Number of protein chains: 2
Amino acid sequence: MRPEELPEIRHLHLFRDMTQANFEALMASSYAQNFPQGLEMIRQGDPADFLHVVVEGSVELFARWGGREGTMAVVRPVSTFILAACIRDAPYLMSARTLERARIILIPSSDLRAMFRRDPEFSVAVINELASCYRSVVRNAKTLKLRNSRERVASYLLRQSLLAGGVPSYALPVEKRLLASYLGMTAENLSRTLRTLEESGVKMDGARVIITDRAKLNALAQPDTLIDGPDMFANESGSGLPAAGQ
Amino acid sequence: MRPEELPEIRHLHLFRDMTQANFEALMASSYAQNFPQGLEMIRQGDPADFLHVVVEGSVELFARWGGREGTMAVVRPVSTFILAACIRDAPYLMSARTLERARIILIPSSDLRAMFRRDPEFSVAVINELASCYRSVVRNAKTLKLRNSRERVASYLLRQSLLAGGVPSYALPVEKRLLASYLGMTAENLSRTLRTLEESGVKMDGARVIITDRAKLNALAQPDTLIDGPDMFANESGSGLPAAGQ
DNA sequence: CGAGCGGTTGAGGCATGTCAAGAGTTGTGG
DNA sequence: CCACAACTCTTGACATGCCTCAACCGCTCG
């Protein structure tokens, strides 16, 4: 592991409050690994042997069933994923693959589980992290159940603009095909939907989003802190596809 | 609070491992309340002042957006709900209403938060509970994204049969209209889908489910432990609509 | 340059929602 | 005890959302 990576990890909410000695112990048994683009480094169903921390690149979490698959989240530096599976010592519910070349820290989940029995501050941090992840997935389920695809696209586009500070124009952080999968629709349907959204205050230019009438877009998306997140502005990732603890 | 209720609560995973003194302290500041049928006792967006424990009756967790609403879960005795909101000291993401006359224990969330800083065993229990709830919602999101409504109905019916011990016939634990909402479809669509499922090995007689060809139903539902849950057989609720910690 | 890939567009079809009506059931009040 | 209201469930007709298949464009990269 590189020396400059440790402070970054230490800085995560999850590890911020534990004692230095415990942090070092945890890191001592961990190691870093580089993955090429497009590599599936976690397969759903595998035992959760390691907590993963992305320090470089980006990772897609996705799920498969039968022949179909769907994107559940995109994880960007610096954040962890599949925490819940590690804690439960249970199989991963999602698969993970690199979207680009990525560098990942692997923390043995047995050490992790031992640690929150030893460091009370750490267990409080884990509690907060998990509660936060839980709420994030609930929001996700809400948007899937309560909004149709057009509304999901509109609120996604609006949210991204707000995350960037309310800018009228920005570039999509992910490919459209991935975005479609994340929003639970086909690439074709997303493409068409984006076209028709020109009447509703937002226009595309390639991967560039241009909000032409925020009021109209707002009226369609009906943003709601109980779905789109109040911590919208606190999201460090910038992918717009929330990180997840699994 | 009734004397016979305390052991039931104490028996929950969440409270099982804490010290007796701490448990008593927590219960001392809590109180029980009876609600009539159909009462909305939690509105999404309200501050999460109390962890709720259902000791009698049943409670529907649902979400609203715009004019629409959807059932997220049904909670049955004895289990808790909206744990995550209490921990984060954040607004409820879901509303709750009684499906029938219910008795609920209310535990002040500030006491709860103070407690897991004082009782390490309790914080480990909270961690496990949250991780478990998280995985349950992820499974839910997976089924929504990866299966169509017909497949969701089929796997629900099959899962219920397995929960009841693999019986060929059982009664639906909830009204069809509620089930439809939980499965993310309209009541009309569920009704029609149930009709067409007769070709696929399951038949309805009112609220009674009769599995006529388990192999056929299996082929359609393609049950998967990473969606339908490995702890299927450990679920104490029996509603089939998983309890949730929010 | 040609293959591969992401993105777009069109045509067509199936899945699902909407609206409306009616049967059966339950609960309530006269 | 009956009559009525309210509700669930079902069914039909219809509209539409969304997917599938196929073709094509433009870009990137070997």
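These numbers were taken from a predicted model, which means no experiment stands behind them. The sequence lines fix the lettering, A, B, ..., with proteins before strands; numbering per chain opens at 1.
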Residue pairs meeting salt bridge (charged side-chain N to carboxylate O under 4.0 Å, His left out), one or both in residues 168-182 of chain B, sequence neighbours left out, come to none

With a 3.5 Å cut-off and no angle check, do the side chains of B:Ser155 and B:Arg159 form a donor-acceptor pair? no

Between P of C:dT16 and CG of A:Asn189, the distance in whole Å: 14 Å

Check the distance between D:dC9's P and B:Arg208's CZ and give it to me in whole angstrom. 16 Å

Between C1' of D:dC7 and CG of B:Leu178, the distance in whole Å: 15 Å

Is the distance from OP1 or OP2 of D:dC18 to the nearest side-chain N or O of A:Thr186 less than 4.0 Å? no

Donor-acceptor pair, B:Ser95 side chain versus B:Gln44 backbone, under 3.5 Å? yes

Could you give the CD-to-P distance, from B:Gln37 to D:dT8, as a whole number of Å? 10 Å

Side chain A:Tyr134, main chain B:Ser132, donor-acceptor under 3.5 Å: no

Work out how much the helix from C:dC1-D:dG30 to C:dG30-D:dC1 bends between its end axes, five pairs an end, to the nearest 10 degrees. 30°

Return the residues of residues 144-155 of chain A meeting this criterion: a heavy atom under 4.0 Å from some atom of DNA chain C. Order them by number, or give none. none

When the ring planes of A:Phe50 and A:Tyr31 are compared, do they come out parallel, tilted or perpendicular, using 30° and 60° as the limits? perpendicular

Say whether, by atom type as modelled, one donor and one acceptor occur between the side chain of B:Thr143 and the main chain of B:Asn140 under 3.5 angstrom. no

For A:Trp65, is there any backbone N or O sitting under 3.5 Å from a side-chain donor or acceptor partner on B:Arg147? no

Can you name the atoms? Protein N/O to nucleotides 23-30 of chain D N/O, anything below 3.5 Å, with the distance.
none

Quick one: does A:Thr212's side chain have a donor or acceptor within less than 3.5 Å of a partner on A:Gly201's backbone? yes

Without decimals, in angstroms, what is the distance between B:Asp205 CG and D:dT10 C1'? 14 Å

Whether B:Lys145 side chain and A:Tyr182 backbone form a donor-acceptor pair below 3.5 Å: yes

Name the pairs: protein N/O against N/O of nucleotides 19-25 of chain C, kept only if under 3.5 Å.
unit_1	atom_1	unit_2	atom_2	d
C:dC19	N4	B:Glu188	OE2	3.2

Measure from CE on B:Met185 to P on C:dA15 and round the result to the nearest Å. 12 Å

If you only use heavy atoms from C-beta on, which nucleotide in D:dC18, C:dG7, D:dC9 is closest to the side chain of A:Arg177? C:dG7

Could you check if a side-chain atom of B:Ser161 sits within less than 4.5 angstrom of a side-chain atom of B:Val209, using non-hydrogen atoms only? no

Would you indicate, yes or no, if C:dT9 has its OP1 or OP2 atom less than 4.0 angstrom from a side-chain nitrogen or oxygen of A:Arg195? yes

Counting the atoms with a prime plus P, OP1 and OP2 as sugar-phosphate, which does B:Gly38 contact under 4.0 Å by heavy atoms, base, sugar-phosphate, or nothing? nothing

Hey, does the side chain of A:Glu151 reach the backbone of A:Ala221 with a donor-acceptor pair shorter than 3.5 angstrom? no

B:Leu183 atom CG is separated from C:dT16 atom P, nearest whole Å, by 12 Å

Side-chain polar contacts of residues 53-61 of chain B - donor-acceptor pairs under 3.5 angstrom, sequence neighbours left out - could you list them?
unit_1	atom_1	unit_2	atom_2	d
B:Glu56	OE2	B:Arg2	NH1	2.7
B:Ser58	OG	B:Glu100	OE2	2.7
B:Glu60	OE1	B:Arg97	NE	2.8
B:Glu60	OE1	B:Arg97	NH2	3.3
B:Glu60	OE2	B:Thr71	OG1	2.7

Hey, is the main chain of B:Leu157 close enough, under 3.5 Å, to the side chain of B:Tyr170 for a donor-acceptor pair? yes

Find the distance B:Arg68:CZ to C:dG17:P and express it as a whole number of Å. 11 Å

Report the C-alpha separation of B:Lys203 and B:Glu198 in whole Å, then their side-chain angles, then the decisive distance to 0.1 Å, and conclude whether the salt bridge (charged side-chain N to carboxylate O under 4.0 Å, His left out) test is met. CA-CA 5 Å; B:Lys203 197 162 71 79; B:Glu198 290 184 9; over 6 Å; no

